[in-house]
Structure formats: C-alpha cells, structure tokens
Amino acid sequence: MVKKSAPKTLDLTKSGSSPTNCQSIQSPPERFFRLSIFTQFYPPDFAATGQLIEELANHLKHQGMQVKVFTGQPGYAFSKASAPVREESGLLCVRRSRTAKLFPNRIRGKAINGLMFALRSALHLLKPIRRGDVLLLTTAPPFLPILGYLTHLLFGVPYICLLYDLYPDVAVGLGVIPNSHWTVKAWDFINRCTWRRADGIIVLSSSMRERIVAKCPEVADKISVIHSWANPNWIVPMPKERNWFAHKHQLTEKFTVLYSGNMGRCHDIDTILDAAVELRNEPIQFVFIGNGAKRQLCINKVNRLGLRNCLFLPYQDKADLPYSLTACDLSLVSISPGMEGLVAPSKFYSALAAGRPIAAICERHSYLRPLINDARCGAPFDNGDGQGLAEFIRRLAADQYLTERLGNAGRRYLESHFTPEVISRQYSVVLRRAVMKREAVSIAPQPSINGPLS
C-alpha cells in the first residue's frame, strides 16, 4: 500500500526566513485576461478593506489585467454621501450599485446591508459581459464568496475567495450566536462547499489558514497566505515638528500613542485604556482615530474615569492619512481574545510604513508576534496586560534613540516584504494559475463515447 503524501499549502509569505519571498514559486507566464472583483466597500469609503482593494486593482491593471470592480455606494464610513456610478481609468473600471444604509453600525443592520449588496452582485453576474475570466470575491460581505460557487456551477467561471474575516466564527466568538446553532452548522457547510470548488483561497495570516484547514482539510493545497500591505511612497516617516496634523491637535510636546482604525468588537481597546490609566499623570497622550462599535463605550469609560490623556478623533480623509499616521511616537495594534485567526488588522502595515514602533496586543499564538520579532520593530503584549504596555511606553518615552531604531527597522521590513508591488505580484500568481488551470481542463482531450470495438 502506497502512502499518499500530505498536500502542501501554498504559502506565498514564507520561503526560508522571508515572509514574502516567492522566488521558489514558478509564476505562470503573463498574458492578458479579465478579472472581476466583488467587494462591498471601496473608496470613498474609509473601510481599510476597500482602500486595499483599490490599490490592488490599480497594480494588477499595470500588470496587464483588465480589472472590473463591482462595489456599493459609500455606506460604512464615509465623508461623501455618494460616488460616481461608473468610473474608468485605462484597464480599470469601477461600477457602483446602490447600497442599503440601514443601521450601518449595528450587527443586524450590517448583515441586511451586506445581503442586499450580495443580491445586487448576483444580478450583476447574470450578464456574461460582466463576468471576467476569473472572479475575486471578498468576504465583504462575508457571504459574498457563495456567489462564486453558484456562478461556477452555472457558467463554469473560476473564482478565488479572498477571506478578510472568517464567518460564522467571528459571530460565534463575539457571542452573537452560539456555536451549536443551526445557522452556524449551515454556514460552515456552505463554506466548505464554496472552498472545495474554489480555484484558490487567499487568507491574510497563517493563523487564519490553520482555522480553515481544521474545518476543511481537503482545501489545504488551495490556500495562499498573502499579507496586507502599505505604500511606503505614500506614507513616509515625518518628524512631528514638521507635521501639520500633530500641530493641529497639540501632539508635538507629548509622547503620543496612536490607535488608528476600526474600534470594533474584534479589537482589544480595554487593555489600551488600562495603560492610559497607569499613565494618567505622565506627559503621554493617547489618540484614538476612527469609529466602530466600541468607540462610544471607550469615550464613556474615559469620561467616567476622568482621564485627560485620551483624545478621540473621527476617521480622517485618505489624503490626510500620511500625516495622521505619523503624528505619533508609537502605534498600537490589537486583537480581542478569541479572535486570532478570524481577523487580521491591516493597520499593522501602515504603522510599519509610518516608521513608528508598534505595540501589538494579542494572544500568545498570534501571527503578529513572529512578524514583530522578525522586524524588530516593537513588542507584543498579552490581552489584559495594561501594566506591561504602560511600562513599554515609559521606556520608549525616555529613550528617543530606541524609539527611532525600532521605527526605522519596521520601515525597512515593510519595504522588503509588504509593498503593493510585492503583494500584487503574489496575487497575480494565484489569479493567473486559476485561469491557466481552467484553460488546461477545457482543452484536455475527452474520452471516446464509442467504447472499445468488439
């Protein structure tokens, strides 16, 4: 009996010690083909997923792909009430559908809004001219990849699942529904069907890959771990003394600790506030930029405790991000307990680009810990260790050389591993392989229907 070797997972982020070294992976020859991307969020939405898709689409366009993006009108976090229904720029075309805005900050409202967008996406896919040679479907909303499964069954179109978050696990982890609920079992079943038929699955972290393999071991060889990224040519380190954003909010004289992005249920804000309590009488300023389900709860807690070292600001326009992200001395990233492998904060990469040290609040098995150790750009802390975080902040506030050294190391690490050019090439490998695989199947000789002659 011959033993079968275990399937190998395609990890585009790990080859030797480099998390983005793809030299050992032979890329398919480049040729022109059409890519259709489906995602609910896209600029002018402030949602990080949408902004990343915009950058990815533009880079894939420059690699010779005709890219069509189907998205919604601003509905998550935005400064403009609407955006053009159609935009074109060379090989990139963006088509926006109406988006429901029913209670966008509540879980049920988000679910209904996402369902409405998925239905509009399904209608969009019914016309052949709107389907590309391959589909890239994000989990924004989380049930969007199901459309890839159905489109493949009906029309034979290859599709790639891009998993930003892992549902229904996120809902279970947040206590929205119990793990034993029939909805969870049904959703898991649909996920497995979708993943098995997919031509590729892209996840943002190694821990997310492990979660999927535990649920559906037979798709292990389809999974590619491709990190998020940040553009080092757009976000450039800048001294606070020359930063208008820092002057505007009076951040130049104090050591500033920044949390920028979504303050949602999947993010640990309590540990940050515990550190703020420890440092309440010291010249250290905490700045929270963004929105989310926990924002008002945090403001209420700060007011109740009488903390004067916490400043809350709304989401900033994209044009202002290079200044808001560099108006600090330390950046914070956090994942709530139980959420490891279910979410992957993109703010980590923009913090690297800003050239600031990073403190990550996460579990012991988080994928962020080896990244921080490899980059030598900061330190990780357990959830609930506000005192340890406070001590780290004190140390950096007292040692400007250490602060600059950690920030510079993180910046160099990003430039080597997580630029748009590097990451888009990794996406290109997965997408082109999917197209070539389908073409190889379509031209393969079919068995004779006449059978052997008697």
Side-chain angles (χ1 to χ4, degrees), residues 10 12 22 25 27-43 49-72 86-97 117-118 120-141 144-152 154-164 194-195 197-204 222-224 226 228-229 420-442:
L10 176 62
L12 295 183
C22 297
I25 300 173
S27 301
E30 293 190 2
R31 72 163 183 79
F32 177 83
F33 71 87
R34 299 172 301 157
L35 169 67
S36 294
I37 302 176
F38 288 78
T39 179
Q40 184 177 359
F41 305 122
Y42 196 85
T49 53
Q51 296 188 31
L52 289 172
I53 285 292
E54 180 189 36
E55 292 184 4
L56 176 63
N58 276 289
H59 278 82
L60 292 178
K61 174 188 71 174
H62 292 309
Q63 293 178 26
M65 299 184 197
Q66 183 185 50
V67 184
K68 294 183 178 181
V69 178
F70 185 75
T71 185
R86 185 182 180 92
E87 289 183 294
E88 290 192 42
S89 175
L91 292 176
L92 173 61
C93 176
V94 179
R95 175 75 178 270
R96 292 183 175 88
S97 169
F117 176 76
R120 294 188 179 104
S121 298
L123 294 174
H124 187 80
L125 282 168
L126 289 178
K127 294 186 176 182
I129 194 173
R130 294 172 176 174
R131 299 192 297 267
D133 296 315
V134 62
L135 307 179
L136 178 64
L137 300 116
T138 71
T139 50
L144 199 57
I146 299 172
L147 296 184
Y149 173 73
L150 296 175
T151 305
H152 170 72
L154 293 173
F155 308 111
V157 179
Y159 67 97
I160 307 292
C161 298
L162 172 52
L163 308 184
Y164 289 127
T194 302
W195 297 338
R197 286 280 186 171
D199 290 82
I201 301 168
I202 298 174
V203 297
L204 306 184
K222 294 183 179 182
I223 303 175
S224 305
I226 305 181
S228 293
W229 64 89
E421 292 79 12
V422 170
I423 300 300
S424 64
R425 279 288 173 186
Q426 296 175 24
Y427 273 86
S428 181
V429 169
V430 177
L431 294 167
R432 293 181 185 279
R433 283 186 173 180
V435 173
M436 294 185 66
K437 176 183 175 183
R438 289 296 175 183
E439 289 179 345
V441 171
S442 65

ask   = Checking side chain to side chain contact (heavy atoms under 4.5 Å, CB included) for the pair Thr138/Ile53: CA distance, chi angles, key distance, verdict?
value = CA-CA 9 Å; Thr138 71; Ile53 285 292; 4.1 Å; yes
inquiry  = Run Lys222 and Trp195 through side chain to side chain contact (heavy atoms under 4.5 Å, CB included) and show every step you take.
reply    = CA-CA 9 Å; Lys222 294 183 179 182; Trp195 297 338; over 6 Å; no
inquiry  = side-chain hydrogen bond (donor to acceptor under 3.5 Å, both in side chains), that's the test. Do Gln63 and Ser424 meet it? Break it down for me.
reply    = CA-CA 9 Å; Gln63 293 178 26; Ser424 64; 3.0 Å; yes
message = Under the criterion side chain to side chain contact (heavy atoms under 4.5 Å, CB included), I'd like the reasoning laid out for Val435 against Leu35: C-alpha separation, chi angles, the key distance, then a yes or no.
response = CA-CA 10 Å; Val435 173; Leu35 169 67; over 6 Å; no
Evaluation steps, side chain to side chain contact (heavy atoms under 4.5 Å, CB included), between Leu144 and Ser121 = CA-CA 8 Å; Leu144 199 57; Ser121 298; 4.0 Å; yes
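With Tyr427 as the partner, the side chain to side chain contact (heavy atoms under 4.5 Å, CB included) test is satisfied by one option alone out of Val429, Val430, Ile423: Ile423.
For the pair Leu91/Lys61, a side-chain contact is recorded, criterion being any heavy-atom separation below 4.5 Å from C-beta on. Side-chain contact check for Val203 versus Ile223: some heavy-atom pair is nearer than 4.5 Å. Within the 4.5 Å cutoff, the side chain of Tyr42 has no heavy atoms near those of the Gln51 side chain. A heavy-atom distance below 4.5 Å is found between the side chains of Leu56 and Leu136. The closest side-chain heavy-atom distance from Cys93 to Arg86 is below 4.5 Å.
Expressed to the nearest 0.5 Å, how far CD1 of Ile160 lies from CD1 of Ile37 amounts to 11.5 Å. Here the CG atom belonging to Leu125 is positioned 8.0 Å from the CZ atom belonging to Phe155, to the nearest 0.5 angstrom. Between atom OG1 of residue Thr151 and atom CD1 of residue Ile146 there is a gap of 11.5 Å, rounded to the nearest 0.5 Å. One finds the CE atom of Met65 at 10.5 Å from the CG atom of Asp133 (value rounded to the nearest 0.5 Å). In this structure, the separation between OG on Ser428 and CZ on Arg433 is 11.0 Å, given to the nearest 0.5 Å. How far CD1 of Ile201 is from CG of Leu163: 6.5 Å, rounded to the nearest 0.5 Å.
Across every non-hydrogen atom of Pro43 and Gly50, the tightest pair is CD-O, 3.3 Å. The nearest pair of heavy atoms linking Ser228 to Leu204 is OG-CD1, 4.0 Å. The two residues Ala434 and Val134 make their nearest non-hydrogen contact at CB-CG2, 4.2 Å.
By the side-chain hydrogen bond (donor to acceptor under 3.5 Å, both in side chains) test, Thr139 pairs with no residue at all, sequence neighbours left out. The side-chain hydrogen bond (donor to acceptor under 3.5 Å, both in side chains) test applied to Arg96 returns Glu87, not counting sequence neighbours. For Gln66, there are no side-chain hydrogen bond (donor to acceptor under 3.5 Å, both in side chains) partners, not counting sequence neighbours. Residues passing the salt bridge (Lys or Arg N to Asp or Glu O under 4.0 Å) test with Glu421: none are found, sequence neighbours excluded. Partners of Phe70 according to the ring pair (Phe, Tyr, Trp, His ring centres under 6.0 Å) rule, which considers only residues two or more places apart in sequence or in another chain, are Phe38, Phe117, His124. Scanning for side-chain hydrogen bond (donor to acceptor under 3.5 Å, both in side chains) contacts around Glu54 gives Lys318, with sequence neighbours left out.
Gln40 and Thr71 are not linked by any side-chain donor-acceptor pair at a separation below 3.5 angstrom, with hydrogens and angles left out of the test.
One N or O on the side chain of Tyr159 and one on the backbone of Thr194 form a donor-acceptor pair closer than 3.5 Å.
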